[in-house]
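Taking it in order: structure first as structure tokens, then the write-up.
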Amino acid sequence: VSTSTHPNDFALETPALLLDVDALHANLIRMSTHLRQLGATLRPHVKTAKSVDVVRRALEGQPGGITVSTLKEAEYFFENGIRDMLYAVGIAPGSKLTHVVDLIRRGAELTLILDNAVAADFVAKVAKAAGIRIPILLELDVDGHRAGIGVGSPDLIAVARAVHEADSLELRGVMTHAGASYECRSAQALRAAAAQERLRSVAAAEQLRAAGLPCPVVSIGSTPTALFAESFAGISEVRAGVYMFQDLVMAGLGVCRIEEIAISVLVCVIGHQAERGWLITDGGWMALSRDRGTATQPLDQGYGVVRSAAGAAASDDLIVVSANQEHGIIAHRSGARFDVERYPVGTLLRILPNHACATAAQHDHYNVVRAGSCRPVETWPRISGW
Ligand SMILES: Cc1ncc(COP(=O)(O)O)c(C=O)c1O
């Protein structure tokens with residue numbers, strides 16, 4: 001059997017996570033240019049990349065603060081010299097809050113979010129006992145997607161007052177994440193989601209100010225709304241993370257082109273089931289993740305879209321139709337038979353991910369490649385876990 005199609009002479013063991021640094025840079029420039037044109041700044045969300053090498057590049061030209069989704073990210077980025085961090089998941093009492101206090105005592109400028117008086121009360125008590133002041137943003141629900149104080153709810157002023165009146169807390173403002181933008185089905189709907197996210201956040205900020213409460217920060221963002229916003233008037237910062245890598249879910253939404261996806265998993269063909277029209281690879285769900293984010297989109301991409309090892313579109317329209325732990329099954333999207341011998345055992349292929357955050361999370365480093373190559377030029381570590 002020939003393995004000459006894509007000789008793996010650089011000893012990269014498959015499955016391996018590839019990061020196309022040229023695509024990454026283009027994605028970073030696209031976001032920063034768009035925000036600059038609309039007069040906004042970025043607080044990158046590090047939950048997608050979890051890598052200081054990536055995030056340093058995302059911070060170029062920005063004020064320097066980041067958004068974290070875990071305290072492990074906060075620890076790692078703090079160790080790497082970043083102090084200004086927004087922990088953008090509602091705070092839980094107990095050891096997590098003790099950990100927050102510890103980070104702040106060591107010099108981290110960590111802001112917490114909350115959306116209820118119970119949390120305001122326990123954070124205030126812990127901060128008071130520790131002799132520190134914790135900055136707080138109130139989480140808003142602008143689209144029924146997840147957590148947050150609902151539009152028009154009297155809780156907004158009540159929780160804001162509870163925070164403002166606690167000596168150990170500092171009311172900094174409001175934040176939201178328009179997660180329902182992931183369900184949009186047109187550019188027009190994305191623009192409307194972006195406008196709604198901004199207008200509802202600005203309205204909440206104005207309500208606080210009208211009640212005599214401070215609200216210097218109005219923080220919004222998701223990759224779709226950040227890239228489709230036509231105005232950031234009244235907004236102090238935008239948060240986004242997926243835009244760095246992009247993925248098939250974003251491509252399905254029309255937020256990026258498939259060619260702009262910067263990460264992929266390099267897999268190797270280990271066999272065929274010719275009569276079924278299958279290629280068997282060593283890239284199963286452990287390498288790709290279980291994420292099936294495109295399953296609810298008009299074009300279901302299975303466990304990922306197949307590209308050549310160098311990143312070019314494969315001559316057949318192939319996707320990963322099924323995944324076991326360490327086996328991937330590649331077939332024609334339509335189920336049609338194709339000449340599996342065009343992909344001999346030993347052939348390397350790239351799989352583009354449904355969800356960049358989930359796929360990257362299956363790996364402990366990025367094999368950094370240049371556009372059109374699968375030969376790593378650098379290795380960038382990344383963190384995972386809590
Ligand atoms: C609170 C918060 N802000 C910002 C983001 C970034 O959005 P995206 O992942 O679309 O870039 C997320 C993503 O989940 C989030 O939860």
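Start at 1 and go down the list; that is how both ligands and their atoms are numbered. Since the structure is predicted, the reported quantities are computational estimates derived from the model, not experimental observations.
Comment: Arg200 does not engage Asp143 in a salt bridge, judged by the lack of any side-chain N to carboxylate O separation of less than 4.0 angstrom. Ion pairing between Asp141 and Arg146 fails under the 4.0 Å rule for side-chain N and carboxylate O. A salt bridge is defined here as a Lys NZ or Arg NE, NH1 or NH2 lying under 4.0 Å from an Asp or Glu carboxylate O, and Glu75 with Arg106 meets this definition. Salt bridge annotation for Glu73-Lys47: absent, with no cationic side-chain nitrogen under 4.0 angstrom from a carboxylate oxygen.
Where the criterion is an N or O separation shorter than 3.5 Å, residue side chain and backbone included, Thr48 fails it with respect to ligand 1. The shortest N or O to N or O distance between Thr223 and ligand 1 is under 3.5 Å. The N/O atoms of Val242, backbone and side chain alike, include one that comes under 3.5 Å of an N/O atom in ligand 1. For Arg239, a nitrogen or oxygen atom sits less than 3.5 Å from a nitrogen or oxygen atom of ligand 1, counting backbone and side chain alike. Ligand 1 has no nitrogen or oxygen under 3.5 angstrom from a nitrogen or oxygen of Ala88.
Interface atoms of ligand 1 facing Tyr182, defined by a heavy-atom separation under 4.0 Å, are 8 (P), 9 (O), 10 (O). Each of the atoms 1 (C), 15 (C), 16 (O) of ligand 1 lies under 4.0 Å from some heavy atom of Arg146. The ligand atoms of ligand 1 that sit less than 4.0 angstrom from a heavy atom of Ala240 are 6 (C), 11 (O). Residue Gly241 approaches ligand 1 through these ligand atoms, each under 4.0 Å from one of its heavy atoms: 6 (C), 8 (P), 11 (O).
Between the His34 side chain and the Ala226 main chain, a donor and an acceptor come within less than 3.5 Å of each other. Of the possible donor and acceptor atoms, none in the side chain of His363 sits under 3.5 Å from a partner among the backbone N and O of His365.
At least one side-chain heavy atom of Phe77 sits less than 4.5 Å from a side-chain heavy atom of Val55.
In terms of protein heavy-atom proximity, atom 13 (C) of ligand 1 is closest to Lys47 CE, 2.9 Å.
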